[in-house]
Amino acid sequence: MLKNISCGTLRSSDVGKSVTLAGWVHRRRDHGNLIFIDLRDREGLVQVVFNPEMHAKAHEIAQQLRNEWVIQVSGEVAPRPDGTVNTEMKSGEIEVYASELIVLNPALTPPFYVNEDSAVDENVRLKYRYVDLRRESMRDALITRHKVVKYIRDFLDERNFLEIETPILIKSTPEGARDHIVPSRLYPGKFYALPQSPQQLKQLLMVAGFERYFQIARCFRDEDSRADRQPEFTQLDLEMSFVTQEDVLLLTEDLFTGLLESLFSDKAFVKPFPRLTYEQSMKDYGTDKPDLRFGMKMADLGETAKKTEFNVFHNVLKNGGIVKGFSVPGCGEFTRGQIDELTDFVKERGATGLIAIGINGLDDNSGLIDMDKMRSNIARFLTPENVNEFSVSTGATEGDLILIIAGESKSTNSALAALRHELGSRLGLADPEMMHFAFITDFPLFEWDTESGCWNASHHAFCMPRDGYEDYILKDPAKVIAQSYDLICNGLEMASGSIRIHDRKLQEDVFAVLGYTRDEIGERFAQLLDAFEYGAPPHGGIAPGIDRLIMVLTGKDSIRDVIAFPKTQSQLDPLFDAPSVVEESQLKELHLEVVGIEPDDS
Ligand code: ASP
């Protein structure tokens, strides 16, 4: 090799060694006589010194060096002189006296600094991703990603799982998003779909008798852009035969706690992972992915709301809505401006308003709320008894703030949940070193989509109903609870899974509720339904998202920062300039014609 040791690994134990290094010029300092280079390779940095009195030739070449040039240096490792040790640098106790320097390749001035973590426009970062990935935090994220995936592979291998690849060119395997489709040249007018997940394939592997499968699988979903979504992303996809829900949950818990203990010992977690049913989670937190690092549980305040003079409450309750709220510790002395700002926050999330009640003292005589000290934007509609009941229900005590939203159930819950998360982080209640995992179980199998007026699967179409609920599938879909579960952490969904249906009739019924005709069922799902008749074992599994997991573990804000070559939030690839137009001849071969759009002359 062009180097015999990695410059980033050099330490004081290497003093006296003759080394040949190769890497990038990270920084250059010309001190008149001496030239100092921080040389960088994947493992890190080392300082290289060029001294004209000792090695004139190398020093002369070093004068031309610029940041990001690729060089090869030979020399000797020496301790740094007293007073020049750099404690910020892992190799800061030593330096290399260069005797020879070869420029392997000069470089243009990079479009942004590699040697500092300054903010750079994301489009520019992605266009020059090969430069961006040289930056320390990006390099570290990808190294962490490798280690996590390796841990997962080893963990599952030890537990008898087989890693099996499944095809990318396939037929639709739906997870509730749009498919990416690929036209077939050999079969004009026909298309492959990229898998939204290997769901049906892993089930077929169970029918095939593999019993324990996993794959670090790429999934493709054509969804509208969201901050932490990518059109393609990576899951640890796993499936097991002859298991119950409990087996899958315990394996998942062991995998995640083992991972933290082995690779992230600075992270805290709670084991066993708390478990909440979907119903409980919605009731207490208004969401199925609550951040459990802090309290602020919600309470239904409908009964008390009825007793107030506030008409908005009465109207909402009359129309089948809810009044719900929670208490925020230590924020009783809020200002009008603060509440206006929070009101805007919840309005952007579908609420019509926000009610605030600050409890700032008790009346010495009655022991009830001191109404003179109380602050509220609906103060004149409230009696001390009302406020007392609100505080008992939400657990608010002196100095706390009760926040209440009234409205239609779904939007009220989601606005309250967003508000709770926001306040948790603003008030510093969410410990960044804590990974508060929990399982949410017992999701409904179906959810009614008011917009399209049909039933959707809450998870996907393949989840097994809980025992005793099978009969409701056709009769009363809303009632059916599935053997499905999510793993959540710090307010994010980290994994989703279920015990699967392995019976043809049951699966056909579920498809029927989801609106597929018998013909469509046969056309789209024959592969799975037929397989169920050739000896399908009971099976189930789960699929943790790798990108999001690494994002949380590395403290990044975006999954794009833990994917080597992601798309922008608008699904563009500025590096390859994709998507792009293709040759007319390619379209012809595929029997395709692009119609209805102006030619792109940008
Ligand atoms: N296929 C599911 C998903 O991608 C996960 C699972 O049920 O295992 O969400």
Side-chain angles (χ1 to χ4, degrees), residues 152 156 161 163-168 170-180 193-207 210-223 226 228-241 243-253 255-256 278 288-289 439-447 456-466 481-489 492-502 507 510 514 525 527-528 537-549 559:
I152 292 172
L156 293 172
F161 281 79
E163 184 169 5
I164 303 176
E165 287 165 68
T166 54
I168 296 298
I170 179 122
K171 196 158 151 176
S172 176
T173 171
E175 296 277 354
R178 246 181 239 111
D179 288 324
H180 289 279
L194 307 183
Q196 293 183 31
S197 84
Q199 183 62 37
Q200 292 180 69
L201 295 150
K202 66 175 169 177
Q203 293 193 240
L204 292 172
L205 287 170
M206 294 303 104
V207 182
F210 284 101
E211 297 195 32
R212 288 176 164 225
Y213 140 95
F214 83 98
Q215 181 181 193
I216 306 297
R218 197 61 66 80
C219 302
F220 303 86
R221 299 183 192 175
D222 187 357
E223 291 174 302
R226 278 204 241 155
D228 65 343
R229 293 281 164 98
Q230 280 280 294
E232 55 179 305
F233 60 94
T234 308
Q235 278 184 348
L236 158 63
D237 193 46
L238 72 83
E239 198 73 6
M240 307 161 83
S241 292
V243 288
T244 61
Q245 170 167 314
E246 191 61 19
D247 298 310
V248 182
L249 297 190
L250 290 179
L251 177 101
T252 308
E253 185 171 294
L255 170 62
F256 278 84
Y278 170 82
D288 56 5
K289 32 186 165 306
F439 289 116
I440 309 294
T441 62
D442 298 61
F443 283 81
L445 184 50
F446 304 103
E447 58 192 18
N456 285 336
S458 325
H459 262 167
H460 52 55
F462 311 101
C463 303
M464 178 77 111
R466 271 186 42 190
I481 298 202
Q483 296 185 52
S484 61
Y485 33 81
D486 276 358
L487 175 69
I488 58 160
C489 179
L492 297 170
E493 180 192 315
M494 305 298 277
S496 177
S498 60
I499 298 300
R500 323 297 182 186
I501 295 171
H502 58 275
Q507 186 67 73
V510 170
L514 295 175
F525 301 107
Q527 62 284 349
L528 190 68
H539 60 283
I542 192 162
I546 297 287
D547 310 297
R548 205 172 283 167
L549 173 65
I559 60 168

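Atoms within each ligand, like the ligands themselves, are counted from 1 in listed order.
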Task: Donor-acceptor contact below 3.5 Å, side chain Ser458 vs main chain Pro444 - done: yes
- [ ] Tell me, please, which residues at least two apart from Glu165 pass salt bridge (charged side-chain N to carboxylate O under 4.0 Å, His left out).
- [x] none
Please produce the table of protein N or O atoms sitting under 3.5 Å from N or O atoms belonging to ligand 1, one pair a line, distance to 0.1 Å.
| residue | atom | partner | partner atom | Å |
| --- | --- | --- | --- | --- |
| ligand 1 | 1 (N) | Glu175 | OE2 | 2.6 |
| ligand 1 | 1 (N) | Ser197 | OG | 3.2 |
| ligand 1 | 1 (N) | Gln199 | OE1 | 2.7 |
| ligand 1 | 4 (O) | Glu175 | OE2 | 3.4 |
| ligand 1 | 4 (O) | Arg221 | NH2 | 2.8 |
| ligand 1 | 4 (O) | Gln235 | NE2 | 2.9 |
| ligand 1 | 7 (O) | Gln199 | OE1 | 3.4 |
| ligand 1 | 7 (O) | His460 | NE2 | 2.9 |
| ligand 1 | 7 (O) | Arg500 | NH1 | 2.7 |
| ligand 1 | 7 (O) | Arg500 | NH2 | 3.3 |
| ligand 1 | 8 (O) | Lys202 | NZ | 2.7 |
| ligand 1 | 8 (O) | Arg500 | NH2 | 2.7 |

Open item on the list: Could you work out, with salt bridge (charged side-chain N to carboxylate O under 4.0 Å, His left out) as the rule, every residue matching Glu493, not counting sequence neighbours?
Closed with: none
- [ ] Mind checking salt bridge (charged side-chain N to carboxylate O under 4.0 Å, His left out) for Arg221 and listing every partner two or more places apart, or none if nothing turns up?
- [x] none
Task: Polar side chain donor-acceptor pair, Tyr213 to Asp237, under 3.5 angstrom - done: yes
Open item on the list: Has Gln203 got a side-chain atom pairing as donor or acceptor with Glu239's backbone, closer than 3.5 angstrom?
Closed with: no
